[in-house]
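Just below is one structure, and these are the notes that go with it.
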Amino acid sequence: VSVAPLTVRLRDGRAATLSLLTQATVVTVDDEDVSSYDLCGRPYVLVRGGSTWRRALDGRLLEKRPRAGLAASRLRRLVDAAEGAQTLTAARGDAQKMLEAGVPAEARQRLERIVAMDGPALAADAARFAAVYRRVGILPPDQYLAVVLEATEGCSWNACTFCDFYRSVSFRVKTEAELAAHTAAVRDYFGESLALRRGLFLGSANALCIGDERLVALLEVATAAFPVVPPTLGPLERQQWLGRTFGGVSGVHAFVDAWSGRRRSRRVLEPCRRLGLKRVYIGLESGDPTLLAWLHKPGTPADAVELVSSLHAAGIDVGVIVLLGAGGRRFAAEHVRRTAQVLGRMRLGGQDLLYFSELQGHPELEPLGPEACDAQRAAILEELGCLSGQGRPRVATYDIREFLY
Ligand code: SF4
């Protein structure tokens with residue numbers, strides 16, 4: 001925190017607190033409504049009237065609200081900028097009232113940026129975003145606030161039956177010059193708000209399928225513009241380094257499918273790690289090769305195990321994603337048994353992530369439904385043995401309906 005929170009009384013009698021964080025500005029009114037803005041004044045998370053709203057840079061908003069009487073269940077609603085305008089205007093009104101109440105210079109400057117981001121300014125900003133990014137299809141949940149650099153566009157495979165993220169995008173790898181131009185545009189677009197984004201995600205899907213030499217060259221371009229914190233620093237020094245390094249990031253992350261990644265040798269993975277590649281996300285989906293073939297997923301579970309082993313040997317962490325519910329009851333027993341077996345062979349450690357993602361949509365893939373998916377996840381974890389505690393991977397939910405960039 002750069003300065004202690006500042007509390008003022010608004011002209012309507014409510015108490016408002018302003019927190020000037022190094023990465024964001026937070027306005028809290030009556031301990032109920034909490035609005036968070038990046039340093040350019042763009043709203044990104046708002047808690048108002050019992051709902052949580054996340055705003056994407058393209059202007060859409062995702063509203064989440066607990067379902068009455070069902071603590072674990074939430075209503076989810078994606079709205080466009082026009083429908084979300086009322087919420088944003090109300091939040092911006094609180095910032096305006098704080099300005100009118102009189103605040104010191106630094107606080108005034110932050111609040112003026114928030115107030116300036118009215119409907120037309122946010123629409124213009126969304127148009128700038130669209131000019132910089134073709135389409136950010138999906139990210140792992142821990143990377144929603146990363147800086148995305150599109151080293152590739154689309155997915156090199158683009159044929160898994162459960163995945164629609166890149167259907168309309170032709171796959172291509174950018175040249176170094178194209179990535180350098182994209183990188184400059186990304187830095188320019190985010191500006192000071194880069195303080196909020198401490199990871200670098202090399203997109204799109206499957207970016208690590210790029211050929212060895214080109215991959216290293218593209219990583220060099222990316223990390224020249226977004227330098228990675230030196231690995232030798234301790235936790236406090238890392239924070240200090242990130243605080244004083246504009247565009248500095250904690251590491252580079254990317255997706256790869258098991259088929260494309262399986263032959264990556266340490267010869268190329270080690271330079272990637274030295275350039276800051278920290279974690280690679282692999283859609284295992286299932287340990288059952290019959291189910292994978294049925295889903296048109298490239299590669300085999302053995303490829304995924306080999307890939308994880310190569311990444312670990314090079315000092316790179318992994319995030320492994322398991323798809324719940326695909327193939328319905330027909331595949332369920334083998335999916336549980338063989339997925340647990342394969343995950344066990346991966347020897348996931350404390351820096352790795354294990355995500356469970358419930359199949360959404362695609363009724364032709366015979367999804368199981370939420371309760372059965374929960375049971376499937378529990379069964380995989382039980383079969384795998386205890387996965388909590390030190391030295392064990394973090395286990396989390398990957399809900400693609402929650403993704404916004
Ligand atoms: S490899 Fe990944 S991104 Fe490509 S189609 Fe399959 S699931 Fe989608």
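Worth saying up front: this structure is predicted, and the values here are computed from it rather than measured. All ligand and atom numbering here is 1-based and tracks the order in the structure.
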Should you measure from each heavy atom of A205, which atoms of ligand 1 turn up under 4.0 Å away? 3 (S)
So, C155 and atom 8 (Fe) of ligand 1: N/O/S under 2.8 Å, yes or no? no
Quickly, which of L381, T397, V320 forms a side-chain contact (heavy atoms from CB on, under 4.5 Å) with F356? Name it, please. L381
For atom 6 (Fe) of ligand 1, what's the nearest protein heavy-atom neighbour? Residue, atom name and distance, please. C160 SG, 2.3 Å
Measure the distance from atom 8 (Fe) of ligand 1 to every protein heavy atom, then report the residue, atom name and distance (to 0.1 Å) of the closest one. C163 SG, 2.3 Å
Work out whether the distance between some heavy atom of A159 and some atom of ligand 1 is less than 4.0 Å. yes
Answer yes or no for K297: is there a heavy-atom contact with ligand 1 below 4.0 Å? yes
Ring centres under 6.0 Å, that's the criterion: do F255 and F201 meet it? yes
Here's one to test your reading of the geometry: is the NZ or CZ of R262 within 45 degrees of the ring axis of W259 and under 6.0 Å from its centre? yes
Considering the heavy atoms of N158, write down every atom of ligand 1 situated less than 4.0 Å from one of them. 4 (Fe), 5 (S)
R330 with E366: basic N within carboxylate O range, under 4.0 Å: yes
For H296 and F162, I'd like to know if the aromatic rings sit close, meaning centre-to-centre distance below 6.0 Å. no
So, Y281 versus D142: side-chain donor-acceptor pair below 3.5 Å or not? yes
